[in-house]
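The structure appears below as structure tokens.
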Amino acid sequence: MPKLTINGIEIEVEPGLTVLQACEQVGIEIPRFCYHERLSIAGNCRMCLVHMERAPKPVASCAMPVGEGMVIETDTPEVRKMRRGVMEFLLINHPLDCPICDQGGECDLQDQSMGFGFDRGRYLENKRAVKDKNLGPLIKTIMTRCIHCTRCVRFATEVAGVQELGATGRGENMEIGTYVEKALTSELSGNMIDLCPVGALTSKPYAFTARPWELKKTESIDVLDAVGCNIRVDTRGAEVMRILPRLNEDVNEEWISDKTRFACDGLKRQRLDQPYVRRDGKLQPATWDEAFAAIADKTKQTSGAKIAAIAGDQADCESMMALKDLMSVLGSTHTDCRQDGAKLDPSCRAGYLFNSTIAGIDGADACLIIGANLRIEAPVLNARLRKRAIRGDFPVAVVGGVEDGKTDLTYNYDFLGGTAGVLQDIADGKHPFAKVLKKAERAMLIVGQGALTGPDGAKVLGLARAIAEACSMVDEKNGWNGFNVLHTAAARAGGMDLGFVPGDGGWDVDGILNATETGQCDMVYLLGADEIDMNRLGDAFVIYQGHHGDAGAHRADVILPGAAYTEKTPPTSTPKAVSSAPG
């Protein structure tokens, strides 16, 4: 391990680190704009220049690997002069529009200008102006502010896998754009807003709505998919203003999908704000006492054997547990959290979890994806697979879930077909990819909900288990389990853990719907469940508890409003990931 001296402090660091990383290890702050630890090194902003003994000129610390015997100085008069010069150069064309810039208050350019810049400029000529680019409805561009750090270009190419951004021109004529004007197609494009160190890329829906110091920041977990991305919810009063990612190396690193980031505007629309009771065929506003009285009257007229409950995709564990207890008191065993009819086995916990964990993808050496389009269903997890794939020696195959192999998953894969017969051949060792899986030391498979919700769902799940066993994907000795189920519902794994599934003699979702059609079930409690076929509920008395006026609310006889998960009081200590998250 090389030893070097930084500001008179001798340290020993791992080989391969850069001077900038070594400085951070001893607590020395090095200003930077282009450098980001998850992107390739560009070395083009020159803000991280430091003095190195025996070097003929200043070195860019972000691009200089550490070496034995290096002597680095980071705060000499010469270094301070260099940083002031670089900052003055960056501000030559940057507009002085901080009062109206959405980046104001959390802008790297502001912070570093105060900490390392000069107190005046000497440039008296006219500033350069650049035409704004139209990148779609999510990202607002003010390209005159751009300092050409190229973080957005590197993110789009390396992490998102969509090569749509780049630089054209040279020198003063250089511009960042999409070459041909078009909207960005990446489902991770919103992360460029976080990466941009200036106000060139900001959130278009959030524009001119709030300042960061006005917002209350609450740590939470995303529920719009089952990855369990760690997020920060910024609120002003009772209104959710924006969603930002939180760092978690084991789950989402520091990325979130565009759905997670921008879907919070749905919290303001079509909300259920008071109870409703159906009278004379129409839903009428009611008090809580009237709503509970209507439910109590119906409950007295029926028996527990004719009452059922279905939990939706975003129901929290506390609500599901309370509903399960209520059903038990009423004498009903007809409960289910699998509203899409997924053929998941509640008796085996490893049979419905993402056992490899998301971080475990980094150590896998082969992958089989069954019935899932990961780019749509779990964009952050798909980015993790891409990160592993571009390292090489990671064969990926897909069975079903994509359109005959034409779908761009942002990494290379082999499309094996879309039938269960392919899985049978792999399980029997007849398919060529079976040899690949058997040869791999840490092979993994991912079963999507699209494969489990069809009529052959139970068969597909059984074949997936057979493949895992035949290819030795479960290695208890080395702590590796390559069998993974990828949920699309955030509440699914939590509901399975709580036992919100049919009890002895109980009906599953399909059984509940059949029973309501035939009159065997005359009361159904929907806990935010909107994805079932409401036409099959027949004449059953429907109680809907939720936060939006969705399909379940339109069918309900009694509506009980509730808060969305994002609006509920968080636990005292936020876990790394909720139980519904893979791993």
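Numbering of residues begins at 1 and proceeds along the displayed sequence.
- In this structure, T407 and F415 have side chains that are not in contact, with every pair of non-hydrogen atoms separated by 4.5 Å or more.
- The backbone N or O of S40 lies less than 3.5 Å from a partner atom in the side chain of E158, making a donor-acceptor pair.
- Side chains of D258 and S189: a donor-acceptor N/O pair is present below 3.5 angstrom, by distance only.
- One distance of note links CZ of F500 with CE of M320; it measures 7.5 Å at 0.5 Å rounding.
- We find the CD-OG1 distance between E164 and T185 to be 3.5 Å, quoted to the nearest 0.5 Å.
- In terms of heavy-atom proximity, V422 sits nearest to G417 at CG2-CA, 4.4 Å.
- A donor-acceptor contact closer than 3.5 angstrom is absent between the side chains of E219 and N230.
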V227 and D222: CA distance, side-chain angles, deciding distance, side-chain contact (heavy atoms from CB on, under 4.5 Å) verdict | CA-CA 8 Å; V227 175; D222 174 45; over 6 Å; no

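- Contact record, F262 with D265: O-OD1, 3.2 Å, taken as the closest heavy-atom pair.
- Atom NZ of K435 sits in a sparse spot, with 12 or fewer heavy atoms from other residues, nucleotides or ligands closer than 6.0 Å.
- Considering only heavy atoms from C-beta on, I147 stays 4.5 Å or farther from C45 through its side chain.
- Looking at T141, its side chain does come within 3.5 Å of a backbone N or O of K133 through a donor-acceptor pair.
- Within 6.0 Å of atom NZ in K268, more than 12 heavy atoms from other residues, nucleotides or ligands are found, so the atom counts as buried in its surroundings.
- N481 places no side-chain N or O within 3.5 Å of a backbone atom of V474 that could act as its donor or acceptor partner.
- A 4.5 Å side-chain heavy-atom check between L109 and F33 finds at least one atom pair inside the cut-off.
- Counting all heavy atoms, side chain and backbone alike, N382 lies closest to L409 at ND2-O, 3.0 Å.
- Donor-acceptor pairing under 3.5 Å is recorded for the side chains of S356 and N484.
- S203 is not listed as a side-chain neighbour of R242, based on a closest heavy-atom distance of 4.5 Å or more.
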Test side-chain contact (heavy atoms from CB on, under 4.5 Å) on L188 and V380 and set out the steps.
-> CA-CA 8 Å; L188 297 168; V380 173; 4.3 Å; yes

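- In this structure, CD1 in I467 is found 4.5 Å from CG in L423, a value given to the nearest 0.5 Å.
- For R38 and E249, the salt-bridge test passes: some basic side-chain N is under 4.0 Å from an acidic carboxylate O.
- Looking only at distances, no side-chain donor or acceptor of R232 sits under 3.5 Å from a matching main-chain atom of S220.
- At a cut-off of 3.5 Å, with distance as the only test, no side-chain donor of Q163 or Y179 sits close to an acceptor on the other residue.
- Between E106 and K217 there is no salt bridge, since no side-chain nitrogen of the basic residue lies less than 4.0 Å from a carboxylate oxygen of the acidic one.
- In this structure, L385 and F394 have side chains that are in contact, with non-hydrogen atoms separated by less than 4.5 Å.
- Between the W255 side chain and the P245 main chain, no donor and acceptor come within less than 3.5 Å of each other.
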Given the rule in the side-chain contact (heavy atoms from CB on, under 4.5 Å) test, do V198 and Q103 qualify, once you have shown the distances and angles that lead to the verdict?
-> CA-CA 7 Å; V198 296; Q103 197 83 344; 5.8 Å; no

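- A donor-acceptor contact shorter than 3.5 Å is absent between the side chain of D456 and the backbone of K459.
- The number of heavy-atom neighbours closer than 6.0 Å to CD of E37, taken from other residues, nucleotides and ligands shown, is above 12.
- Here the CE-NE2 distance, from M143 to H148, works out to 7.0 Å after rounding to the nearest 0.5 Å.
- R154 contributes no side-chain N or O that, together with a main-chain N or O of L39, makes up a donor-acceptor pair within less than 3.5 Å.
- Dense packing is recorded around CG of D475, with more than 12 heavy atoms of other residues, nucleotides or ligands lying under 6.0 Å away.
- The CZ atom of R261 lies 4.0 Å from the CD1 atom of I256; values are rounded to the nearest 0.5 Å.
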List the steps and the verdict of side-chain contact (heavy atoms from CB on, under 4.5 Å) for R492 and C337.
-> CA-CA 6 Å; R492 187 65 47 79; C337 63; 4.2 Å; yes

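- A donor-acceptor pair under 3.5 Å is formed between the side chain of Q339 and the backbone N or O of E531.
- The main-chain N or O of D408 is found under 3.5 Å from a side-chain atom of R375 such that the two form a donor-acceptor pair.
- Between E24 and I30, the closest side-chain pair of non-hydrogen atoms is not below 4.5 Å.
- Among the candidates V485, I446, V447, the single residue satisfying the side-chain contact (heavy atoms from CB on, under 4.5 Å) test with F354 is I446.
- Remark: the H548 side chain and the Q314 side chain contain no N/O donor-acceptor pair separated by less than 3.5 Å.
- The CG atom of L135 sits 7.5 Å away from the NZ atom of K204 when rounded to the nearest 0.5 Å.
- Nearest heavy-atom pair across L201 and M192 is CD1-CB, 4.0 Å.
- Although no hydrogens or angles enter the test, the distance criterion places a donor-acceptor pair under 3.5 Å between the side chain of D345 and the main chain of S347.
- Contact between Q112 and R32 at its shortest, heavy atoms only, is NE2-O, 2.8 Å.
- When all heavy atoms of C48 and C62 are compared, the closest pair comes out as SG-N, 3.4 Å.
- No more than 12 heavy atoms of other residues, nucleotides or ligands shown are found within 6.0 angstrom of CD on E441.
- Here P502 pairs with D336, R338, D508 under the side-chain contact (heavy atoms from CB on, under 4.5 Å) rule; sequence neighbours left out.
- Under the 4.5 Å side-chain criterion, counting only non-hydrogen atoms from C-beta, P379 is in contact with D225.
- Residues L17 and Q25 meet the side-chain proximity criterion, which asks for heavy atoms closer than 4.5 Å.
- With respect to D393 and R391, no salt bridge is recorded, no charged nitrogen being found less than 4.0 Å from a carboxylate O.
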